[in-house]
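What follows is a single structure, written as structure tokens, with notes after it.
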Amino acid sequence: MAEVADIRRDNVWLGGAGRAVAIVAGAVGAVGLGIGGAIAWAQPDQRAHFFASYLTNYCYFLSLGLGGLFLVLLEHLARAGWSVVVRRLAEGIASTLPVLCLLFLPVLWGMGYLYPWVNPRGDLAEHLQHLLEWKRPYLNTGFFGVRAGIYLVVWLAISYYYLALSSRQDRTGEPRLTLRLEGLAPVAIILFGLTLTFASFDWMMSRDPFWYSTIFGVYYFAGCVVGGFALVTVVAVLLQRGGRLVSAISPDHYQDLGKYTFGFIVFWAYIAFSQYLLIWYGNIPEETQWYVRRSHGPWGGVSVLLLLGHFVLPFVAIISRWPKRRPALLGAVCVWILGVHWFDVYWLVMPEYSATAVPLSWLDVVLFVGMGGVCTARALLWLGRRPLIPIRDPRLEESLAFENA
Amino acid sequence: MGENIPPADVPVVPRAGTVYGVLAEYDGVAPLLEAAAKVRDGGYTYWDTYTPIPIHGLDEAMGIRKTRLPWVVFGAGVSGALLALLMQWWMNAFNYSYVVSGKPLLNLPPYIPIIFEVTILLSAITAFLGMLLLNKLPQLYHSWFASRAFARRVTTDRFFIGIEARDPKFDIAEVRALLGSTRASQVETVVEPAAPAMPEQVRKYGLPVAVLLLAVALVPPLLIAKARLTPRNSPRVQVIADMDQQPKFLPQQANPLFLDDRAMRPLVAGTVAVHHANLDKFLYQGIAEGQWATGFPMPVTTTLVARGQARFNIYCTACHGWDGAGNGPAAVQGAARSPESWVMPTSLLDGVVRERPNGHIFNTISNGIRTMPAYGDQIPVADRWAILGYVRALQLSQAAPKALVPAERQAELR
């Protein structure tokens, strides 16, 4: 039997370097958000573009935060042992959710630009007006705000509870806390699923209020989980490069992270295809319009990029055991995945702003850096205050000894 | 060649009493792993470890190379995908080409789920059978069970290494010394057991019992075969009747309630069904004064002809084509498929049809003609006349007198 990795010599603290990176990231982030906001303020004709880009980046970083939270919930739900060594990293990612709640406010501010149902155009065809009227009880600004509040509160509550108890266990070592977290996991994960689904309906799908797809939430969820696993992997690689957790996280852990990333890449493709096939086959104009916008001209190119970059390439790259056990290689693939995942969210949000051209611009970069910087700062500060692994988790030993047969 | 010396490369069937191999017993994982590494380094081929639980690192200690199974499974998966693609392609595009909801015959998206399923199916079956095969399973008996220690504890709490006598390097003293030098709790030479004798009862009654069982097993299939071959008059037993039997009469059935024994009732003389009076022969049948009518029962306006055009395009173009020349897509397809027997639709621009009186064409639309089916049930009367109006317009359009062409475009004529 393999010996338990001796982590007493491992550095499990982020320390001063982490704080320094956090401060830089936070400063850069604040500047980025500031510049983006200033431009939107000064140039009213840029505002529609600004908000669309803002929503893209918001939904992107939200997907990572929610992905991290999902990993935490999943571990407790399944009473998983292997993943304990990386759970704190997932918790760190989920610790960005409070920041993301604040970052949601501009979306409320830009509703008029983002959602056509807020101020419907006067020249809409009669049946479309009728449709909006019909959806009014759900799609109205007041209820939209209330729902958003509910989603955010649910995420805050779940993440607060899970992160706080996990940190408390570091100090007290009570195994009872693990049992409490496991007991609550089924409820938490159901709430998580419902809020995530409806949030994606509200915030992204209603960008085209005449279109609907019941599987849309699952699609976004698949992206969240892919993002969560890829990001945990990347963070683990970076930390090990920085001399942290060197013996705690072994190739066996990477292999499992890789398996999950691989599995959810396939899941993502499966869901994407399921949505596409039914709409394509039914061939009803009110359903196909959304894909028509995304399958012609430059957006068609982005769709192909997603098919190849978000599915085929990672599929081939990490199907085998060999790359999954090589942190540098797996990390590189995960960085790539995080990149195409951004384009996935972009592809969900943007075509409703610009149907004929892919309006990539420096605004996207500024907002990406802004939000990414702020979120990174928050996660690093949170991780800096506690060890990088749940040192007194009752399953830690099992996790350290974990081996892939 | 001597009778009793088998050629060297034919495996010898072990005979009772010969040494089968040497077995070493361990009471922990660590000594087992050490010993396995030693035996591996000793260069033996026919040996194995036997443990009650899976042990990480044992493969490495034994020097077992990585399994080839993933590649086999991968191959099976790829062939599953190709097979499914080929199957659907052949079925949909060749064997039974049939257009479904306007989609092309060779049409990837709906194939993908089936490709996916077959890929998984073949991979899973191959993984399972391949695992059994590579492990040489199922194996009902193994000579190591001649050792009491092995038989009693190998699946509970002891670990074993066995080196078999057929190994080319096997030398009993050397092997015993090697295993003795490990931390074995016991080393034992296992002798091939004598084949267990057949019990008396089995020898006596075995055959008759087997024959009897076989005969009994044949009864159900024979009963089924008999039931299938015997005609009967009584209705078959229906466990779940669904709506197969309904208390109603079908056309042409008998019904003893009526004097004429027929379930279908003839029209009562002198009555007309609602909306079936159709007294106006001109309007409904295209007959005026006993002849095919030549005019129209309503004024011919552009609205009427436009309506006729729309209806014509819906009902007639599939066969007669957009211009009425008789080359509609259904006709072209049909002719391509069965050129010997296909009757092409008449060109409506033909002299024959031009000469037909209006009432005749109206009647053709209503009741069909020769191989052309009737459209009276689908197209309301007024629309049928409207179509006729458009047919006349088509005919005119293809052979209009020069005078009808607007003066400013006369120059374009060739």
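Protein chains get the first letters and strands the later ones, always in sequence-line order, with residue 1 at the start of each.
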Q. Taking only residues two or more places apart in sequence, or in another chain, which ones meet Asp157(B) in a salt bridge (charged side-chain N to carboxylate O under 4.0 Å, His left out)?
A. Arg153(B)
Between side-chain atoms of residues 59-73 of chain B and protein atoms elsewhere (two or more places apart, or another chain), which donor-acceptor pairs fall under 3.5 Å?
from     : atom 1 : to       : atom 2 : distance (Å)
Thr67(B) : OG1    : Leu69(B) : N      : 2.9

Q: Determine which residues belonging to residues 105-135 of chain B lie within contact range of chain A, meaning some heavy atom pair is under 4.5 Å apart, and list them by number or answer 'none'.
A: Asn107(B), Pro109(B), Pro110(B), Ile112(B), Pro113(B), Phe116(B)
Q.
Testing the basics here: between Ser200(A) and Phe216(A), what is the closest heavy-atom pair and its distance to 0.1 Å?
A. O-CE2, 3.5 Å
Q | Phe210(A)/Trp290(A) aromatic ring centres below 6.0 Å | A | no
Q: Scan residues 24-46 of chain B for pairs that pass ring-ring contact (aromatic ring centres under 6.0 Å, His included), counting only residues two or more places apart or in two chains.
A: none
Q | Distance-only side-chain donor-acceptor flag, Trp280(A) / Thr288(A), under 3.5 Å | A | no
